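A quick note: this is a predicted structure, and the numbers were derived from the prediction, not measured. Read the numbers this way: they start at 1 and go in the same order the structure lists the ligands and their atoms. Worth knowing before you read on, the calculation uses all heavy atoms, side chains too, and leaves out hydrogens, waters and symmetry mates.
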Amino acid sequence: LHSLSCDVCGTSPRGVKRKKQVLNTQLSKKLRMVAGRARKIRQIRNPKQVKQKRLMKKIASCKKIHLSTKILAVDYPSDFVKSISCQICEHILADPVETTCKHLFCRACILKCLKVMGSYCPACRYPCFPTDLVSPVKSFLSIMNSLPVICPVKDCQEEVCLGKYCHHLSRHKEIKDKEGYVCINKGGRPRQHLLSLTRRAQKHRLRELKLQVKAFAEKEE
Ligand SMILES: [Zn+2]
Ligand SMILES: [Zn+2]
Ligand SMILES: [Zn+2]
Ligand SMILES: [Zn+2]
Ligand SMILES: [Zn+2]
């Protein structure tokens, strides 16, 4: 199903990647630089893909609710960071789900993308329906939960593991802009309803995005 030459993952199916990650923490700076450069070249080479990625991020519109990979406390190799981030929004996976083709996305991101862009995996175009989405294996979730992150709240900077981040954040109650941070892996669903968008506004936005997708597709022809 999932091809070895997937140009979204860049490397290989997740199973292999996960095994590698223990060794990868010792990867030299030089190797990391090479990987970074290769990724840059690939992005420049394929402007269509860059455009598509930007569009998917717009559809996800989760900048204020998901966590940036920049808050990871450890400077992991780029392919490891990729394996724990959403292929749509590139944030740290929030309430991750897996497709039949073994690609990982935030639940909210993939559901929005399927709705707007059609029933295909945004990473590899393999057919994908909401009912195909499953929870990743427990060992992966426990890796996710144990990732050390630096609390981005101003003047905090405390290091906590991702699984406890939600609880940690609740201690910042007095800080206004905590609204909207999503709690991951806790009983499945993220508290995405903290978003103040009304249903109607969301529908309107969805329609606009559909038009944008159409315009985008026409331009590509
Ligand atoms: Zn892939
Ligand atoms: Zn996101
Ligand atoms: Zn996402
Ligand atoms: Zn896929
Ligand atoms: Zn904090």
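- No side-chain heavy atom of Glu98 sits less than 4.5 Å from a side-chain heavy atom of Ser135.
- Minimum interatomic distance between Asn145 and Cys161 (heavy atoms only, all atoms of both residues): O-CB, 3.5 Å.
- A pairwise comparison of heavy atoms in Tyr165 and Cys151 identifies CE1-CA, 4.1 Å as the closest pair.
- Of the angles at the Zn ion (ligand 4), the one spanning SG of Cys121 and SG of Cys101 is 110° when given to 10°.
- Note: angle at the Zn ion (ligand 2), from SG of Cys89 to SG of Cys62, is 110° (rounded to 10 degrees).
- When distances from the Zn ion (ligand 4) to the N, O or S atoms of His103 are compared, ND1 comes out shortest.
- Here the N, O or S atom of His66 that is nearest to the Zn ion (ligand 2) is ND1.
- Annotation: angle subtended at the Zn ion (ligand 5) by Cys156 SG and His172 NE2 is 110°, to 10°.
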Report the C-alpha distance between Lys53 and Glu90 in whole Å, list the side-chain angles of each, state the deciding distance to 0.1 Å, and finish with yes or no for salt bridge (charged side-chain N to carboxylate O under 4.0 Å, His left out).
-> CA-CA 10 Å; Lys53 255 205 155 144; Glu90 293 177 325; 3.4 Å; yes
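- Below 30°, between 30° and 60°, or above 60°: for His103 and Phe105 the angle between ring planes is above 60°, a perpendicular geometry.
- Minimum-distance N/O/S atom of His91 relative to the Zn ion (ligand 2): ND1.
- The Zn ion (ligand 2) lies at 2.8 Å or more from every N, O or S atom belonging to Cys86.
- Among the atoms of Cys109, no N, O or S atom falls under 2.8 Å of the Zn ion (ligand 2).
- When rounded to 10 degrees, the angle formed at the Zn ion (ligand 5) by NE2 (His168) and SG (Cys151) equals 100°.
- Within the coordination shell of the Zn ion (ligand 4), defined by N, O or S atoms under 2.8 Å, Cys128 is absent.
- Here the closest non-hydrogen pair linking Pro136 and Leu141 is O-CD1, 3.8 Å.
- Each of Leu147, Leu67, Leu104 was checked for a side-chain contact (heavy atoms from CB on, under 4.5 Å) with Leu93, and the lone residue meeting it is Leu104.
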